[in-house]
Protein chains: 2
Amino acid sequence: MQPGSPDNEWREDCAPRRVLDLFSSKWTSMILHVLDTRLDGCARTGVLLRSLPGISKKMLTQTLRDMEASGLVIRRVYGTVPPAVDYTLTPLGKRFVELIDLLYGWGRDNADALDALKAKKGEGA
Amino acid sequence: MQPGSPDNEWREDCAPRRVLDLFSSKWTSMILHVLDTRLDGCARTGVLLRSLPGISKKMLTQTLRDMEASGLVIRRVYGTVPPAVDYTLTPLGKRFVELIDLLYGWGRDNADALDALKAKKGEGA
DNA sequence: CCATCTGGTTACGTCAGGGTGCCTATGTCC
DNA sequence: GGACATAGGCACCCTGACGTAACCAGATGG
């Protein structure tokens, strides 16, 4: 294996891996998707919390903050008495929503393939 | 998204999540891709090992076995003196290769978006 | 006076993914 | 004889993602 060979395509920072990174957080893609699809690109923390069954407050905040740091959303704080914060999808965020929709769409179109997969996590029968 | 079943769409076993499951192993998608793209759908363990810089023997075997269990590849063992084993992509595996190519393709086409992402893992400067 | 609602943080604990290293078994090569 | 290559098993470890629960702050309302 020499340098310059196709093997170098698989470095840590290659496109494929960076794409996958986006899906490595469990909630990121769902937040992005929900934000875009059901919340019209902007929502308050509480709304998001209630829109994503199963997520904990901590994970929401944490993921949202990471997303902000990544430039996927904008965090706006209103200095009101009961704290109010909302998160808005950035144009960059929307680019990734496209990808996510692509992926989710594939999932819907290929549900049979997904069904054919012998899952190793839910099998009890 | 139509109202009526919003929250239920996000159950553990919804299509979106199952799709993401495929990418949750770090090596699965790369193995699939390499197997299809560079190895013509079939390769011996050693070849795969050398084709995926950074993977450890354990992870290769483990991932490959998981993939076999999932029905993505077929494992063939030749009872030869120096053990020989090869893995072949199944039709199901090829379905998923399509998805992976889709994803990787997006990554290549949108490298600028990936670049625009402020990574929180590599920045030290 | 206390509960509550808001958004967050912090401490704490669990668990699985991932990685390293060592071990087997046989046959060939030095 | 000893090293190496083949494919893989197994023990051990480490990290970090994830989750839970408690707590903070300030105003409101009962």
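Note on naming: letters A, B, ... go to the chains in the order of the sequence lines (proteins, then strands), and numbering restarts at 1 for each one.
- Taking the side-chain hydrogen bond (donor to acceptor under 3.5 Å, both in side chains) definition, one finds that B:R65 meets it with nothing, sequence neighbours left out.
- Between A:R44 and the phosphate of C:dG7, there is a side-chain N or O to OP1/OP2 separation shorter than 4.0 Å.
- An OP1 or OP2 oxygen of C:dG7 is reached within less than 4.0 angstrom by no side-chain nitrogen or oxygen of A:R65.
- Applying the salt bridge (Lys or Arg N to Asp or Glu O under 4.0 Å) criterion to A:D101, with sequence neighbours excluded, gives no partner residue.
- Rounded to a whole Å, the CG atom of B:L49 is 12 Å from the P atom of C:dG19.
- The separation between A:I55 atom CD1 and D:dG19 atom P is 8 Å, rounded to whole Å.
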Between the protein and nucleotides 10-17 of chain D, which nitrogen or oxygen pairs come in under 3.5 angstrom?
none

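- Put simply, the side chain of A:S56 gets close to the backbone of A:M59: a donor and an acceptor are under 3.5 Å apart.
- A 4.5 Å side-chain heavy-atom check between A:L22 and A:F96 finds at least one atom pair inside the cut-off.
- Partners of A:T63 under the side-chain hydrogen bond (donor to acceptor under 3.5 Å, both in side chains) rule, at least two apart in sequence or in another chain, do not exist in this structure.
- Between B:K57 atom NZ and D:dT6 atom C1' there is a gap of 8 Å when expressed in whole angstrom units.
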A correct dot-bracket answer for DNA chain C, with pairs being Watson-Crick or G-U at under 3.5 Å, [ ] for crossing pairs and | for inter-strand pairs, is |||||.||||||||||||||||||.|||||
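- Candidate nucleotides C:dG8, D:dT6, D:dT20 were compared by shortest atom distance to the side chain of A:S56, and D:dT20 ranks first.
- Within 4.0 Å (heavy atoms only), A:Y87 reaches sugar-phosphate atoms of the nucleic acid but no base atom.
- Of the candidate nucleotides D:dA7, D:dT6, D:dG19, D:dG19 has the atom lying nearest to any side-chain atom of A:W27.
- In this structure, the CZ atom of A:R76 is 16 Å from the C1' atom of C:dG7, given to the nearest Å.
- In the set C:dT6, D:dA7, C:dG8, D:dA7 carries the atom at the smallest distance from any side-chain atom of B:T45.
- Using a 4.0 Å cut-off between charged nitrogen and carboxylate oxygen, A:R76 and A:D86 count as a salt-bridge pair.
- A:Y87 and A:V77 fall within the same hydrophobic cluster, defined by Ile, Leu, Val, Met, Phe, Trp and Tyr side-chain heavy atoms under 4.5 Å apart, directly or through other members.
- Rounded to whole Å, the distance from OH on B:Y78 to C1' on D:dG8 is 17 Å.
- Residue B:L52 contributes atom CG, which lies 16 Å from atom C1' of C:dG19 at whole-angstrom precision.
- Under a 4.0 Å N-O distance rule, the pair B:R18/A:D115 qualifies as a salt bridge.
- When rounded to the nearest whole Å, the span between CD of B:E68 and P of D:dA7 equals 15 Å.
- The residues A:R95 and B:D112 are annotated as salt-bridged, a charged nitrogen and a carboxylate oxygen being separated by less than 4.0 angstrom.
- For the pair A:R75 and C:dG8, the criterion of a side-chain N or O lying under 4.0 Å from OP1 or OP2 is met.
- Evaluation of the side-chain hydrogen bond (donor to acceptor under 3.5 Å, both in side chains) rule for A:D109 yields no partner, not counting sequence neighbours.
- Applying the 4.0 Å criterion to OP1 and OP2 of D:dA5, one finds that B:R50 has every side-chain N and O outside that range.
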